[in-house]
Amino acid sequence: MFHFIEKKISDRVAELVRAQFGADATVALEQPKQPSFGELAIPVAFHLARQLKKAPKAIAAEIVAALGPLEGVSALEVAGNGYINVRLDRGAYGLGVLRGGGESLPQDSGKIIVEHTNINPNKAAHIGHLRNAVLGDTFVRMLRANGRTVEVQNYIDNTGVQVADVVAAFHYLEQKSAADVEKLLNDPAVRFDYYCWDLYARVSSYFNEHPEALEWRHQTLHAIESGTGELAQLATTIADAIVEYHLKTMDRLGIHYDVLPRESEILHLKFWETAFEQLKQRQAIYFETEGKNKGCWVMPASAFKEQTNEDTEDSKVIVRSNGTVTYVGKDIAYQLWKFGLLGKDFYYRPWKTVYITSAHPQPEGGGPHFGGAESVYNVIDSRQSYLQDVVVAGLRALGYNQQADRSIHFSYEMVVLSPGTAVELGFELSEEDKKRPHIEVSGRKGLGVKADDLIDKLIEKALEEVDSRHPEAPADERRQVATQIAIGALRYFMLKYTRNSVIAFDFQEALSFEGETGPYVQYAAVRARNILRKLAERGQALPDFAHELNQAAFARQLAAEDFWQMLLIASKADSAIDRAVVSGEPAHVARYAFQLAQAYNNFYHGYPVLTEESPEKRTFLLWMTGYFGAQLERTLGVLGIAVPEYM
RNA sequence: GCGCCCGUAGCUCAGCUGGAUAGAGCGAUUGGCUUCGAACCAAUAGGCCGGGGGUUCGAGUCCCUCCGGGCGCGCCA
């Protein structure tokens, strides 16, 4: 509702400013510093002051005079040095909310692809991957809540070095056959992704000590690329198994995908070759004949760097002198496909719970269509921004400027461990590491907190609490509630930080259920439900709000400043989500959820609903309870957090 | 060396395209359960917004510079 009014006023003022002053000022609305100033502040007079060479205060007064009465607005006041403060008509506003006025505004504008998770299928997922997946998934939910059409992709690099290393480790280091690995996979006593986690760390350190063993990697990569032989078979088995583990881990967090595009298909369907032709034709890349990049196809640095000293040394190699393509090259091809610009498509088949790409036509034919989006968000950590710039430059060099503008690197900072946490996990730190403010999570070193371990730990902690509060409840139900709380805590923890803030992971903070946490918000939602449940238990029916609450009743009840402020906050969900979408910042939604919960907890504490004696007030309080509850649940839904039956 | 990010309360972080008196949570101190269950609420203390210049009617926010920290800059992905 708030968002609706906001837009209406903003549009109206912008129109007037154009007509009255012939100026094109952006009419952004602000929240007044103090609630007593009103509900909205329009600072437009300040922006006009410079152009018109007039005092802001005078301009503001002119605008107010020209504006006349506005629907839903009870007063416009010039305040401070030139603010226009807006006071809303409380009765009309309350009634508008009750009638569901302007809640959702459908605004579809073409398909948006969001790619996230993208974990190398060679080991278990860790907290760094969790941040990626939770950010991506929440952004998807935000977009959908905003009325957009979204396709979720999780890219699987099943033919890369990381997979090859684990394959080599099984084959050369452990001397295991494909049958042995198969046996290991089916052994219920073995967590295969955890096994690979250790194995990957082991082989990485082995490579460090025995550089000559790197030949294993080359052999394996070669075998994987040819797609035949035992090593290739082993790679497929391992990568598929690990991907399945990742899907299960993410499923615990409520994270799902539409399609899993795989590197192997990009290879076999020759996506790169097609892109290569385009790049050569448009002269986006050139064949280097001298210098250190001699014999390579390179992209000139001027394509992706702001300023360049024309030094060819800065160019980015796309095709190596041995004829193989780099990761960035493949990524350009993949990005072209996402926009439907490659002129090629994958084949798809259902696999587990999603669609996965295939190199061969499927018997049923038809099938789903993926890719061909209008804009693309790649959720990738900020360390890869340089490479993402190169990919975008590739699109631009091909003349796809619009698509380049709509290729968004949805970047975020990494998750690191405090030295204390690293020690707690049983890692031995070098003297150098101990001095550092934090330690980078490293799959190669096997240094990190595994996603499933953290989830399990959170569930156990939540379960202790649930057990002591609800000993009478069935055990499986208690576990269900504890799981929802644990996931709520984890998702919120990953979302409360803005994207470009480094998260220094700390168990104590992550395991907290109090204060600014997911469970705090869940608790508020549960409390609202409890009141309504209690009402039903007493055999009382919910009033017919539309019938019993008219504008005058709302005006009377909302005259109380407390109620008015509470209703305002509760009605700002759309506004908060929209702002978060525009700024690409899921943390804004998390923050709003917390503020909403705070407001509700105040309401809950200050105004006993069921014992209220005044009939009108009681009806109003019940309505507020329902509305708060609905807004809390909706916001939590956008955050991917469930509301437990009880807490 | 070049590029990007960060520096705000003891700790962890917000602060929307520059706007009115800089905010939360945790921790600390104090108070509140008579079940709409306290995973809560209330109150108090705590700040040269890293330093210095500048732009502006107005700067935590923009520009320059310095200091401190992180991350990139491969014919790895």
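So you know, we letter chains A, B, ... as the sequences are listed, proteins then strands, and number each from 1. Only heavy atoms go into these numbers, but all of them, side chains included; no hydrogens, no water, no symmetry mates.
- In this structure, A:Lys57 reaches neither bases nor backbone, as no heavy-atom distance under 4.0 Å exists between it and the strands shown.
- For A:Leu214 and B:C75, the CG to P distance is 17 Å, given to the nearest whole Å.
- As judged by a 4.0 angstrom heavy-atom cut-off over every strand, A:Glu465 is placed among the base-contacting residues.
- Every pair passing salt bridge (Lys or Arg N to Asp or Glu O under 4.0 Å) that includes a residue from residues 381-391 of chain A is listed here, sequence neighbours excluded: A:Asp381-A:Arg383, A:Arg383-A:Glu440.
- Comparing the C1' positions of B:C73 and B:C16 gives an interatomic distance of 33 Å, to the nearest angstrom.
- When the P atom is compared between B:G23 and B:A43, the two are found 15 Å apart, to the nearest whole Å.
- Remark: B:U56 base-pairs with no nucleotide in the shown strands. Criterion, Watson-Crick or G-U wobble with two distances under 3.5 Å.
- Close placement of the A:Tyr386 and A:Phe304 rings is indicated, their centers lying within 6.0 Å of each other.
- The side chain of A:Tyr520 places an N or O atom within less than 4.0 Å of a non-bridging phosphate oxygen (OP1 or OP2) of B:C41.
- Annotation: cation-pi pair A:Arg527/A:Tyr604 present, NZ/CZ under 6.0 Å from the ring centroid and within 45° of its normal.
- The side chain of A:Pro608 approaches B:C36 more closely than any other nucleotide in the set B:A77, B:C36, B:G32.
- The phosphate of B:C5 (OP1 or OP2) has no side-chain N or O of A:Arg499 nearer than 4.0 angstrom.
- Residue A:Leu387 is in base contact, counting any heavy-atom pair closer than 4.0 Å across all strands shown.
- Between A:Arg527 and B:G37, a side-chain N or O to OP1/OP2 separation shorter than 4.0 Å is absent.
- Contacts of A:Val161 with the nucleic acid, taken as non-hydrogen atoms under 4.0 Å apart, involve only primed sugar atoms and P, OP1 or OP2.
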Enumerate all atom pairs, one protein N or O and one N or O from nucleotides 24-26 of chain B, separated by less than 3.5 Å.
{"from": "B:G25", "atom 1": "OP1", "to": "A:Gln598", "atom 2": "NE2", "distance (Å)": "3.3"}
{"from": "B:G25", "atom 1": "O2'", "to": "A:Glu516", "atom 2": "N", "distance (Å)": "3.3"}

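- Following rounding to the nearest Å, A:His588 (NE2) and B:G15 (P) show an atom-to-atom distance of 5 Å.
- Comparing the C1' positions of B:C71 and B:C75 gives an interatomic distance of 23 Å, to the nearest angstrom.
- Remark: B:C36 base-pairs with no nucleotide in the shown strands. Criterion, Watson-Crick or G-U wobble with two distances under 3.5 Å.
- For A:Tyr523 and B:A39, the shortest distance from a side-chain N or O to OP1 or OP2 is below 4.0 Å.
- Note on A:Asp381: nothing from the nucleic acid sits closer than 4.0 angstrom, heavy atoms only.
- When each of A:Arg469 and A:Arg538 is assigned the nucleotide of RNA chain B with its nearest heavy atom, A:Arg538 is the one assigned upstream, toward the 5' end.
- Here A:Val521 lies out of heavy-atom contact (under 4.0 Å) with every strand.
- Across all strands shown, A:His470 has heavy atoms under 4.0 Å from base atoms, whether or not it also approaches the sugar-phosphate.
- Between the side chain of A:Asn601 and the base of B:A38 there is no donor-acceptor pair of N/O atoms closer than 3.5 Å.
- Look at the P atom in both B:U61 and B:A22: the space between them is 14 Å, to the nearest Å.
- B:G15 sits 15 Å from B:A20 when the P atoms are compared, rounded to a whole Å.
- A distance of about 41 Å separates the P atoms of B:G46 and B:G72, rounded to the whole Å.
- Between the NE2 atom of A:His218 and the C1' atom of B:C76 there is a distance of 10 Å, rounded to whole Å.
- Among the heavy atoms of the strands lying under 4.0 Å from A:Tyr607 is at least one base atom, whether or not backbone atoms are also near.
- In this structure, A:Glu30 atom CD and B:G58 atom C1' are separated by 13 Å, rounded to whole Å.
- Within the nucleic acid shown, A:Phe46 comes within 4.0 Å of at least one base atom, counting heavy atoms only.
- Rounded to whole Å, the distance from CD1 on A:Ile503 to C1' on B:C5 is 15 Å.
- To the nearest whole angstrom, the two P atoms, one in B:A9 and one in B:C49, are 10 Å apart.
- Under a cutoff of 6.0 Å and an axis angle of 45°, A:Lys572 and A:Tyr592 do not form a cation-pi pair.
- To the nearest 0.5 Å, atom CD of residue A:Glu472 and atom CG of residue A:Asp467 are 10.5 Å apart.
- Taking atom OH of residue A:Tyr646 and atom C1' of nucleotide B:C36, one finds them 19 Å apart after rounding to whole Å.
- Nucleotide B:C73 forms a Watson-Crick or G-U wobble pair with B:G1, both donor-acceptor distances falling under 3.5 Å.
- No engagement by A:Leu532 is indicated, since no non-hydrogen atom pair under 4.0 Å with the nucleic acid exists.
- Between B:G69 and B:C57, the distance separating the two C1' atoms is 37 Å to the nearest Å.
- Nearest heavy-atom pair, A:Leu267 versus A:Lys330, reported as atom, atom and distance to 0.1 Å: CD1-CD, 4.3 Å.
- A 3.5 Å limit on both hydrogen-bonding distances identifies no Watson-Crick or G-U partner for B:C49.
- Taking side-chain N and O atoms only, A:Lys33 has a distance below 4.0 Å to OP1 or OP2 of B:A20.
- Taking the centre of each ring, A:Phe620 and A:Phe563 come in below the 6.0 Å mark.
- Stacking here means ring centres nearer than 5.5 Å and ring planes tilted less than 30 degrees, and by that measure A:Tyr604 stacks onto B:C36.
- Atom CD in A:Glu413 sits roughly 10 Å away from atom C1' in B:G72 (whole-Å rounding).
- Residues that satisfy the side chain to side chain contact (heavy atoms under 4.5 Å, CB included) test with A:Arg217, not counting sequence neighbours, are A:Val161, A:Asp165, A:Phe207, A:Leu214, A:Leu221, A:Arg444.
- At the phosphate of B:C41, neither OP1 nor OP2 sits under 4.0 Å from any side-chain N or O atom of A:Asn602.
- Within the 4.0 Å cut-off from OP1 or OP2 of B:C6, at least one side-chain nitrogen or oxygen of A:Asn500 is found.
- A stacked arrangement is not assigned to A:Tyr386 and the six-membered base ring of B:G72, the conditions of a centre distance below 5.5 Å and an interplanar angle below 30° not being jointly met.
- One finds no salt bridge joining A:Lys461 and A:Glu464 here, because no Lys/Arg side-chain nitrogen approaches an Asp/Glu carboxylate oxygen to under 4.0 Å.
- Taking the nucleotide of RNA chain B with the nearest heavy atom to each of A:Ala462 and A:Asn85, the more 5' of the two is matched to A:Asn85.
- Between A:Tyr334 and A:Trp272, the ring centre distance reaches or exceeds 6.0 Å.
- A straight line from CG of A:Leu511 to P of B:A39 spans 18 Å, rounded to a whole angstrom.
- Base pairing analysis places B:C26 opposite B:G10; the two distances defining the Watson-Crick or G-U wobble pair are each below 3.5 Å.
- At a cut-off of 3.5 angstrom, counting only N and O atoms as typed in the model, there is a donor on one side and an acceptor on the other between the side-chain of A:Ser321 and the base of B:C75.
- A cation-pi contact, defined as under 6.0 Å to the ring centre and within 45° of the axis, links A:Arg499 to A:Phe410.
- The two residues A:Cys196 and A:Val166 make their nearest non-hydrogen contact at SG-CG1, 4.0 Å.
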